[in-house]
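Report on one structure; see the data block that follows.
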Amino acid sequence: MKVAVSSSGGDLDAQIDPRFGRCAYFIIVETDDMSFEVFDNENIALGGGAGIQSGQFVASKGAKTIITGNAGPNAVRTLSAAGVEVIVGQAGTVRQAIENYKKGKLRNTTEANVVDHYGMGSSSAQSPMGGMGRGGGMGRGRGMGMGRGRGMGAGMPASGSVSSNQPESAPLSKGEALKSLKDQANDLRKQIENIESSIKDLEKK
């Protein structure tokens, strides 16, 4: 079966790129024999729609699952509509992610874990536990995390799962905000479980 992974490099020992729509590369792995293909992500510089375009690209390559760090609502909707399983909250190498997937340790989701346009203006891997980011906030700019003036606008978290900020154009009701926070807490728990699992695997080697 073909599994796609958002990658920061061009081989199985590269680190997973935390951005889906604007990752550096897509690596498509055949899980039966670990053969793989590497594709440059041509959507990395798009001003908008990177998640949708990347979702369509992954589906067009026959991947049945995508493993990544973070995926926004548009990307998740596009992938789900194409029948592609979405697994978020992953870190480590592409090889580790595929091995964990084959062992049944990874769980798919139907919920985005970041807002749309996550990852714009960033060319480096971002910590899954970053700042709260609101344009002039803690991690959206080009000044080593302080983001003055070059931040990417309101409600764009510097990280995946800990921001409760929402886009100004779409304020959430109390119930929706509560559900969003609970979903984020669940995603964080999954990330911690996966990280602990990876630590145990490495300790055994």
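Sequential numbering from 1 along the given sequence is applied to the chain's residues.
In this structure Glu37 satisfies the salt bridge (charged side-chain N to carboxylate O under 4.0 Å, His left out) test with no other residue, sequence neighbours excluded. Under the side-chain contact (heavy atoms from CB on, under 4.5 Å) criterion, Ala4 pairs with Ile28, Val58, Ala63, Ile66, not counting sequence neighbours. With sequence neighbours excluded, the residues satisfying side-chain contact (heavy atoms from CB on, under 4.5 Å) with Ile192 are Glu196. The side chain to side chain donor-acceptor pair (under 3.5 Å) check on Asp13 picks up Arg95, with sequence neighbours excluded. For Asp32, there are no side chain to side chain donor-acceptor pair (under 3.5 Å) partners at least two apart in sequence or on another chain. Every side-chain contact (heavy atoms from CB on, under 4.5 Å) that Ala82 has, sequence neighbours left out, goes to Ala59, Val84. By the salt bridge (charged side-chain N to carboxylate O under 4.0 Å, His left out) test, Asp11 pairs with no residue at all, sequence neighbours left out. For Thr65, the side chain to side chain donor-acceptor pair (under 3.5 Å) partners are Glu85, Tyr101, not counting sequence neighbours.
Counting only residues at least two apart or on different chains, no ring-ring contact (aromatic ring centres under 6.0 Å, His included) pair has a member in residues 68-90. Residue pairs meeting the side chain to side chain donor-acceptor pair (under 3.5 Å) criterion with at least one partner in residues 42-57, sequence neighbours excluded, are Asn41-Asn43, Asn43-Ser54. Residue pairs meeting the salt bridge (charged side-chain N to carboxylate O under 4.0 Å, His left out) criterion with at least one member in residues 98-109, sequence neighbours excluded: Lys105-Asp201, Arg107-Glu193. Sorted by first then second residue, the ring-ring contact (aromatic ring centres under 6.0 Å, His included) pairs that include residues 46-75, not counting sequence neighbours, are Phe26-Phe57, Phe39-Phe57.
Although no hydrogens or angles enter the test, the distance criterion places a donor-acceptor pair under 3.5 Å between the side chain of Thr31 and the main chain of Met1.
Note that the CZ atom of Arg77 and the CD1 atom of Ile52 stand 7.5 Å from one another [nearest 0.5 Å]. Atoms OG and CD1, from Ser6 and Ile67 in turn, are 9.0 Å apart once rounded to the nearest 0.5 Å.
Between Gln90 and the choices Leu106, Val5, Thr68, the side chain to side chain contact (heavy atoms under 4.5 Å, CB included) rule is met once, by Leu106.
When side chains are defined from C-beta on, Leu79 counts as touching Phe20, because their heavy atoms get closer than 4.5 Å.
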- Verdict with supporting geometry, Asn108 and Val86, side chain to side chain contact (heavy atoms under 4.5 Å, CB included): CA-CA 5 Å; Asn108 65 305; Val86 181; 5.8 Å; no
